[in-house]
Amino acid sequence: MDFLTLVQVLDSTVRLSTPLLLACLAGLFSERAGIFDIGLEGKMLIAAFFSAAVAALTGNVWLGLLSGIASSLVLAGLHGLASITFRGNQLISGVAINFLAAGITVLIAQDWFQQGGRTPSLIGGGRFAPVELPFAIGASEAEAAGRPLSQLLAEASPLQQVYSELISGHSILVYLSFLAVPLTAWVLFGTRFGLRLRAVGENPAAVDTAGISVVGLRFAAVGICGVLCGIAGAYLATALQAGFVKEMTAGRGFIALAALIFAKWRPWHALSACLLFGLLQALALRFQSINIAGVSVPVQLMEALPYILTVVILAGFVGKAVPPKAGGEPYVKER
Amino acid sequence: MTAPAIELKGISKAFGPVQANKDISISVQPGTIHGIIGENGAGKSTLMSILYGFYKADRGEIWINGNKTEIPDSQAAIAAGIGMVFQHFKLVENFTVLENVILGAEDGGLLRPSLAKARKALKALAAEYELNVDPDARIDEIGVGMQQRVEILKALYRQADILILDEPTGVLTPSEADQLFRILDRLRSEGKTILLITHKMREIMEYTDTVSVMRRGQMTATVKTKDSSPEELAELMVGRKVLLRVDKVPAQPGAPILEIEGLRVVDDAGVERVKGIDLTVRAGEILGIAGVAGNGQSELMEVLGGMTVGTGSVRLHGNPLPLSGLGADGRSRRAAHIGHVPEDRQSEGLIMDFHAWENVAFGYHRSPEYQKGLLMDNAAVRADTEAKMAKFDVRPPDPWLAAKNFSGGNQQKIVVAREIERNPDLLLIGQPTRGVDIGAIEFIHKQIVALRDQGKAILLVSVELEEILSLSDRVAVMFDGQIMGERPADQTDEKALGLMMAGVAGEAA
């Protein structure tokens with residue numbers, strides 16, 4: 001593997017980590033507030049569809065993004081209603097949301113576009129364009145030189161390769177998602193809202209007796225979760241790919257949950273976990289099998305690795321993953 | 001005369017058909033400690049929850065410092081200067097003391113300035129009231145006594161002038177309780193008003209200025225403590241004369257029934273809970289195990305009851321009792337004539353959604369008298385339940401009622417009846433009167449003593465020192481999984497046992 005290939009694998013890692021990271025942070029907000037959310041997948045999926053659909057119809061990717069977020073928020077609200085207001089089972093509500101999203105996206109897609117449950121391919125303003133940072137070698141440089149981009153990159157210095165491939169040339173949502181990590185850490189550990197959010201996930205009774213609304217806090221957390229899942233879904237359909245296809249989230253919501261456990265519900269660790277799982281996906285995408293010390297590792301194993309690692313973590317082999325104490329339990333004032 | 005700190009006028013509150021509080025009026029002078037005593041379910045906690053804005057009263061008025069005050073939620077209660085220390089602390093365990101103190105009383109959107117301000121304020125409060133707590137310690141790293149101080153600090157940090165404490169000494173060692181009352185005394189002398197809810201007569205008599213008695217949702221009397229007596233208060237609580245002491249003749253210990261040597265129990269998390277203890281219980285005696293909750297008593301009972309596994313040697317009538325593997329289960333224990341009244345009747349003693357008669361059969365459902373061919377003879381079980389209910393005065397005597405619909409005392413009577421009526425050679429009984437009203441306590445104690453007088457061995461675990469002292473013939477104190485010492489019950493007192501409960505070895509105490 002030469003240096004440029006390595007850079008390209010890492011570049012693809014960043015792209016593939018982005019939706020995981022957004023969904024993982026979404027789950028982090030929700031679960032830190034005590035609301036388990038296995039409906040990340042469903043919310044991403046519905047956001048992917050509505051963002052692609054609106055972007056296809058209007059040609060404006062920003063309107064697409066907003067619609068994606070709105071649709072994800074609707075499902076988040078549904079989850080909140082079921083699990084906070086009506087104190088239902090959070091796992092069942094999450095499963096229901098996943099099924100609902102899987103069905104309704106294809107149904108509406110077929111009704112609107114008649115293309116077998118997909119949206120038309122997004123072109124031009126319907127997609128998030130890569131952001132080219134100054135001094136990076138990108139499409140415009142290749143056009144000016146009249147040569148293919150890959151040739152230009154291959155000839156560039158290693159530093160320029162890293163800068164142009166790995167750092168430059170991503171969509172705005174990628175940069176946004178990486179910025180969300182320090183932002184999340186700051187909100188959780190540096191603000192009043194974060195203190196209360198963490199408290200409500202550990203001991204809602206403490207929050208209640210302190211005169212703060214448990215329901216309000218939890219809805220806020222679920223709302224943030226909805227927004228982040230919406231961005232994650234929109235990224236999938238309008239940046240990573242050009243349009244919606246059936247089941248396009250492909251289990252990313254669950255990998256994000258795995259990453260959340262792997263990270264033990266901490267923002268910076270979530271970043272590492274998502275990068276690791278993104279790398280595994282990137283390797284699986286690029287190579288059919290990988291030789292490690294003479295043993296050929298099939299690509300399926302790479303894809304399964306996030307789940308295997310999560311089981312290992314949950315079994316307590318690598319330190320204990322202790323979820324927020326009040327997670328999964330609806331809050332009822334005791335008599 | 002200054003206006004009362006708290007005045008409640010005609011407070012009523014119903015939960016469905018249950019009238020929890022009925023036309024309650026009370027007036028508390030500022031700068032006093034006012035006790036509220038009553039049986040479980042008398043409505044004490046409901047009344048305090050109304051005062052703290054947890055529930056809204058159906059009728060009635062609340063006056064604070066002479067002003068009529070609406071308390072629709074806890075926020076309003078805090079604003080009115082009311083602070084509450086709940087029986088079960090409302091602390092976030094993985095937060096620091098400081099974070100818990102500011103939660104809900106932050107000064108702005110950012111934490112840093114709030115934390116700095118609280119740190120200063122805590123220092124001042126510590127100096128003023130001798131409430132020393134490390135502000136950076138995590139709650140799960142400090143003891144319950146400290147946690148309770150944090151709760152008090154929380155209230156004081158919110159400028160509370162009125163402090164409500166709900167059963168504050170339930171989880172404390174006697175010396176921790178003494179410290180608590182020193183703090184409360186100090187708070188009173190600074191002009192704070194304290195409402196003390198408790199069922200412990202000693203605390204009422206020693207520390208309160210006035211006391212109100214509640215019975216069945218009503219306030220039956222408010223008296224000056226020094227003009228009253230425990231006997232009078234108990235009568236007001238129950239509505240009839242109650243025997244506060246356990247009436248029993250000296251024990252006639254016989255041959256050893258249960259012999260424990262080097263017993264160890266390791267829990268699921270790998271922590272050793274019982275660290276090699278030796279105990280002997282003889283026929284015709286009650287051995288009481290005292291100790292603060294969580295020092296291995298529960299595990300001791302569980303391993304003897306066959307609910308968990310352990311190592312070491314336990315002999316019953318000289319025959320080894322398996323501690324793990326085959327024969328280490330509840331069924332084998334019952335076959336060996338060991339009765340077990342578990343500490344937590346609601347999760348281990350009963351199935352709350354099942355009928356009383358089903359609960360009476362549990363553990364003994366294979367008994368021949370309950371069988372009819374291949375099936376269970378449910379009619380026989382129900383007849384047996386009715387007989388037991390009559391004998392133990394379970395109210396209402398309805399075998400068809402679900403366990404959860406009985407009061408705590410009657411639930412416990414069902415469990416005790418089930419175990420005692422089998423005439424066990426050894427009775428394991430944990431927290432026999434937790435959450436049980438005084439009238440039922442008296443009854444249950446009598447049954448235990450009667451079993452002893454039949455020459456049976458009884459191993460009693462209780463966190464209530466009064467109960468241990470009055471019921472046991474011998475007392476062993478458990479601390480951190482070990483026996484700190486053993487004393488004949490009539491040659492020791494709360495102070496000596498309290499020292500051992502805090503980990504001071506028996507020889508030194």
Side-chain angles (χ1 to χ4, degrees), chain A residues 28 31-34 182-218 220-221 224 263-267 269 314-317 319-327 329 331-335, chain B residues 13 15-16 18 20 41 43 45-46 49 52-55 71-80 82-96 98-115 139-140 150-151 154-155 157-158 164 166 268-270:
Chain A
L28 194 146
E31 301 212 346
R32 276 281 191 163
L183 190 68
T184 301
W186 178 76
V187 166
L188 274 184
F189 299 104
T191 70
R192 172 174 64 190
F193 175 71
L195 182 81
R196 293 176 172 188
L197 186 106
R198 283 182 290 133
V200 85
E202 290 288 333
N203 187 355
V207 170
D208 196 10
T209 51
I212 312 162
S213 162
V214 172
V215 170
L217 265 177
R218 288 191 158 170
I224 294 172
K264 299 176 185 170
W265 294 269
R266 293 171 295 187
H269 292 76
L314 277 179
F317 290 120
K320 221 168 160 64
V322 185
K325 207 179 265 167
E329 283 173 23
Y331 176 61
V332 186
K333 267 188 197 193
E334 56 191 303
R335 263 204 56 185
Chain B
K13 172 77 185 171
F15 294 104
V18 183
S45 295
T46 303
S49 296
Y52 194 64
F54 243 48
Y55 302 130
I71 305 184
D73 52 31
S74 302
Q75 192 95 57
I78 294 167
I82 300 172
M84 178 122 179
V85 177
F86 288 89
Q87 185 176 8
H88 302 287
F89 305 145
K90 310 291 183 191
L91 297 170
V92 183
E93 291 205 340
N94 61 357
F95 278 19
T96 64
L98 216 48
E99 286 172 325
N100 268 292
V101 167
I102 65 166
L103 180 65
E106 308 91 341
D107 287 301
L110 297 183
L111 283 188
R112 208 185 288 260
S114 305
L115 288 168
I139 296 298
D140 51 14
V150 177
E151 286 283 20
K154 261 169 73 178
Y157 184 70
R158 288 158 172 75
I164 307 170
D166 189 5
D268 293 340

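- Counting heavy-atom pairs closer than 4.5 Å to chain A, the top residue among B:Gly108, B:Ala76, B:Ser114 is B:Gly108.
- Only the side chain of B:Tyr52 has a heavy atom closer than 4.5 Å to any heavy atom of chain A.
- Taking the side chain to side chain contact (heavy atoms under 4.5 Å, CB included) definition, one finds that A:Ala220 meets it with A:Phe193, sequence neighbours left out.
- Interface residue B:Leu91: only backbone heavy atoms are found under 4.5 Å from chain A.
- Residues B:Ile78 and A:Thr209 approach most closely at CD1-O, 3.8 Å, considering heavy atoms.
- Comparing A:Gly190, A:Gly194, A:Gly201, A:Ala326 by how many heavy-atom pairs each has under 4.5 Å with chain B, the most go to A:Gly190.
- Closest heavy-atom contact between A:Arg218 and A:Pro204: NH2-CG, 3.8 Å.
- For B:Gln75, the side chain to side chain contact (heavy atoms under 4.5 Å, CB included) test picks out B:Asp73, with sequence neighbours left out.
- A heavy-atom distance below 4.5 Å is not found between the side chains of A:Val322 and A:Trp265.
- The greatest number of non-hydrogen atom pairs below 4.5 Å with chain A, out of B:Lys154, B:Glu93, B:Met84, is found for B:Glu93.
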